[in-house]
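Notes follow the structure.
Naming convention: chains lettered A, B, ... in sequence-line order (proteins, then strands); numbering from 1 in each chain. These numbers come from the heavy atoms of this one structure, side chains and all, not from hydrogens, waters or symmetry mates.
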Amino acid sequence: MAKKFINDPQNILIETLEGLVAAYHGRMELVEGVAALAKTEIPDGKVALLIGGGSGHEPLFHGFVGENMADGAACGDFFTSPSPDVILAATKAIHRGNGVLYVYGNYAGDNMNFDIAAELAEDQNIDVKTVRIWDDVYSAPPGEIEMRRGISGDIFVVKVAGAAAATLKTLDDVYRVTTKARDNTRSIGVAAAPGTNPVTGSAFFELAEDEIEIGMGVHGEPGVSREKMIPVDALVTRLMDDILADLPFQSGDRVCLLINSLGSTTVTEMLIINRRVREILIKRDIAVHDTQIGHFAGSQEMAGFSISLMKLDAELQEYYDMPCDSLGLTKQ
Amino acid sequence: MAKKFINDPQNILIETLEGLVAAYHGRMELVEGVAALAKTEIPDGKVALLIGGGSGHEPLFHGFVGENMADGAACGDFFTSPSPDVILAATKAIHRGNGVLYVYGNYAGDNMNFDIAAELAEDQNIDVKTVRIWDDVYSAPPGEIEMRRGISGDIFVVKVAGAAAATLKTLDDVYRVTTKARDNTRSIGVAAAPGTNPVTGSAFFELAEDEIEIGMGVHGEPGVSREKMIPVDALVTRLMDDILADLPFQSGDRVCLLINSLGSTTVTEMLIINRRVREILIKRDIAVHDTQIGHFAGSQEMAGFSISLMKLDAELQEYYDMPCDSLGLTKQ
Amino acid sequence: MIERLSLQQTIDMFVYVANHMEAVAARLNEADQAIGDGDHGEAMARGWRSAREALDSGEFNSIGDVVSAVGMRMMAAMGGASGAIFGTWFKAGGKSLAEDETFSSEALIILLDHGLEAVQARGHANPGDKTMVDALQPAATAAALAGTRPISEVLPVVAASAQQGADSTRKLVARMGRARTLGERSLGHPDPGALSTHLILQHMADYVGTL
Amino acid sequence: MIERLSLQQTIDMFVYVANHMEAVAARLNEADQAIGDGDHGEAMARGWRSAREALDSGEFNSIGDVVSAVGMRMMAAMGGASGAIFGTWFKAGGKSLAEDETFSSEALIILLDHGLEAVQARGHANPGDKTMVDALQPAATAAALAGTRPISEVLPVVAASAQQGADSTRKLVARMGRARTLGERSLGHPDPGALSTHLILQHMADYVGTL
Ligand SMILES: Nc1ncnc2c1ncn2[C@@H]1O[C@H](COP(=O)(O)OP(=O)(O)O)[C@@H](O)[C@H]1O
Ligand SMILES: Nc1ncnc2c1ncn2[C@@H]1O[C@H](COP(=O)(O)OP(=O)(O)O)[C@@H](O)[C@H]1O
Ligand SMILES: [Mg+2]
Ligand SMILES: [Mg+2]
Ligand SMILES: [Mg+2]
Ligand SMILES: [Mg+2]
């Protein structure tokens, strides 16, 4: 059992959110009575962006509320999607008369709860559209892309959605751009050691001393194969083959690159991974427009990493390049 | 032995630096022949800022090279200070005729190697001044402040130094402001589980299942006491008592706050810590100007965290508020 | 032999279910550990604890009110896939029973039928996908077949059918929810939501047995 | 009995030291593990490996050149506290011997004396602080006392004094370097840098013994 710096495990979510609000210095507040956050200054008539999902993956999701990022977040308990009333309360808190875009990872629980909330919001004359993120290449074959999970590609989609929602005038337009960002984003991940559930104290899964699991999800969902640990250059080569083939990314493409730690994998390791990723992209004649390296979407102290690529066109690049400010991602 | 995503352990440093250079998209390059980095565009006549230290703490130090941050970094092997020739080569690479400020953590090895390099640089008519960071409250009593270690307070000092070096015209002025930032910064840390040396594969130290070490250094140097794990609110209360008494920080002060993961401690936990820190600061009538939460100065996958406070005056605030862009810290 | 339950007995029945569902949380967590993320028992306990609060404190004018309150509380308190699915079941059932003042076998048929329909509309699971539908659907069929017999006779039959349905999920490969990614590895393990569907109906039957 | 070493013998002596210091790396790491960060043997091995490369390939006009090359390579290759300290020792010693073409007892005295002085100027450690100074200082004293006797007689005496000095650090509380924070907990363990100071001098003596 990992030693965690927490108080009563039952209070993790609310204490996390209070700590987050404190870090925003008045720019964000709790939505009354539920585990949800909203920016304090959202202009009238703005298309509002709501994100959300289970907690335990911090800074994902609620750490991506901020300037030119999401307007609010609906937060579930540990690794559990938020319930419709939380989502609805957050929706009402950020709605400014011009519709709300829901953006979240494609998990059965999230899908159903956000859908129910969307129906309840529509009952109250709030326009809602939804973009589910399904970037995890290993979680289903290309023909069943709507069965794929959302992992660290979430960050790119939320980044673009936040910029689009700050700029564009209609929900339909923001929806269109966000959908394009989603469709142009792919991720792959690998785990080397489990995290522990801070509520129960038990490990998410077991892996032998010398084993890694390719494609394991951020809640410990199984991936495509369990293999022996190999030098990271060889591992990255194999992962890159799979991600590049999927969209596919092609010679002449321009991409944003994100290398994400699932928890205890260090910046040192991510830099070594980045080195190899770039060697491979250079060989494939794929240009990298921007690189983000850090802890964006974790699974407690799981050891492992994920790589996300978003293929840019002029429009996506414009929104990607806008400055933004949030706990999880700040860009000048 | 933790499974690390590396290749040959002997190549960790160089591969890390190559990965870092790749992430900067032309804004940074390796200094020929040594483990050092320099920005590619440093204006003539700029006071240059060189930082550095042992590797394994990424993003500290080399991740803080960037716009309005350091101009270069001299990098040592794993947890080992760089040698004078590396420091000297980095010094020459970033010198633009107006002196170089060395800023680094106060460790015997770093001190001697940077001092030797400074003497060699002076031999070549390069003005050098040095600010050693000694923010770790627990590493020596207040009367022996020059014996204290540098930990996550490094980030605040480098932030201010970078902004000052981008603005002020003389090495003396940059030195003066940086010294003030150093003198106004205090940190405290606690460890709950060791990281592992990626070269040897062995853990840095041992701690019982239910024990934490207050004040442990980022290389596993012993702290002030080994204690039973307690709820984090109680732990933070105790840590804050000690850090606030040290400068001392007082009612009416305005501070910047940084909460740093030593490795595997999660953003979730840091947000819970932040919540308690702010409760205490409110009670003490200390205003927080800005909050940084993340992985800034680690010790591989060590579990633990540190808290840093920098007391602001108008001048420090001006430099702190300047935008900056680097792997480890970006501010709008 | 009990023909139908009064409004108060209906309330008492769901309080009885709530108390017993909390007690089986560990077993359900375990089942979810095998093919999911191990939190199904926790979620059920959370949902039924909240439902019991509503039952203890609420004013109810019809059994539909009671069932809806259970559904709303489960949906709000649980989150996750099961919060949406089980909440939908009871909310849909409650809506259709808004006029009823007693819990009869006809009411049970409606609760199961309309509930099943709503659950499938929400989650798109079909029988054989290895979800709670594989317990709820045979339960609904059994209720329809037992027709208008007294509630004290119908509920045990319905619960037994749900149990058979839940058992049958051991032989299914998951095609929905978290277990889907396991593929063949989900074989041999029952679906946790199907187990709790049986247990809910079983405890309803058990309660009536105590009268 | 050997009065003094030729230039080539001096080179060979340091090659001999280099080879043997690599072999004791594990022991030095262990010593550093007890009161430091466990890398002293690694650092020494790295430094002497690099020194040997210089010795193998360089052109040397004086024994000062040889000693300086060792110091420069140690300083550049090792990093850390020991790179600065041991590099300083040999660089300072080499500088003072730039005119000497043989390695005599007088040269040894200078190497130790001027080395010690430079090490103390650089690191500000005094005898009793539990550093390599506690081995280097008695070695320097022993060399001065042995005076002008042949190198083959002086070196073993000097090495023995260094060993005594290194041993004595077990009883000291560290006041310098990483071990300082340990305070009383450093008692009972020898200082790793003092151990390697002894071993360097011991291997120099051993080499001369092979002639
Ligand atoms: N689409 C669906 N339709 C019907 N039931 C579902 C669906 N998705 C999941 N379930 C049910 O929910 C159960 C899992 O519940 P639970 O573990 O509480 O939620 P989560 O999967 O979010 O952790 C499954 O065993 C299954 O019976
Ligand atoms: N100020 C100093 N003066 C003299 N020797 C020192 C000083 N600081 C450290 N040392 C020596 O260096 C040794 C440690 O070397 P090493 O472990 O290689 O470096 P580091 O401490 O950087 O890991 C100590 O055992 C001590 O003998
Ligand atoms: Mg769940
Ligand atoms: Mg060291
Ligand atoms: Mg579950
Ligand atoms: Mg050491």
More than 12 heavy atoms of other groups within 6.0 Å of B:Glu206 CD: no
Minimum-distance pair of heavy atoms, taken over all atoms of B:Ser81 and D:Gly80: OG-N, 2.9 Å
For chain B, which residues of residues 45-69 of chain D have heavy atoms nearer than 4.5 angstrom: D:Arg46
D:Met78, part contacting chain B, at a heavy-atom distance under 4.5 Å: backbone
Minimum-distance pair of heavy atoms, taken over all atoms of D:Ile85 and B:Met112: CD1-SD, 3.5 Å
By side-chain contact (heavy atoms from CB on, under 4.5 Å) - contacts of B:Ala191 (at least two apart): B:Phe205, B:Met216, B:Met302
Contact origin within B:Asp85 toward chain D - heavy atom pairs under 4.5 Å: side chain
Exceeds 12 heavy-atom contacts within 6.0 angstrom, atom CZ of B:Arg226: yes
Contact summary for D:Ala84 and B:Ile116, nearest pair of heavy atoms: CB-CD1, 3.9 Å
Shortest non-hydrogen contact from B:Ser83 toward D:Ala76: OG-O, 2.8 Å
Side-chain touch D:Asp39/B:Thr200, heavy atoms, less than 4.5 angstrom: no
Neighbourhood of chain B inside residues 91-126 of chain D, taking heavy atoms under 4.5 Å as contact: D:Arg122, D:Gly123
Proximal component of D:Ser82, with respect to chain B [non-hydrogen, under 4.5 Å]: neither
Which residues share a side-chain contact (heavy atoms from CB on, under 4.5 Å) with D:Gln33, sequence neighbours left out: none
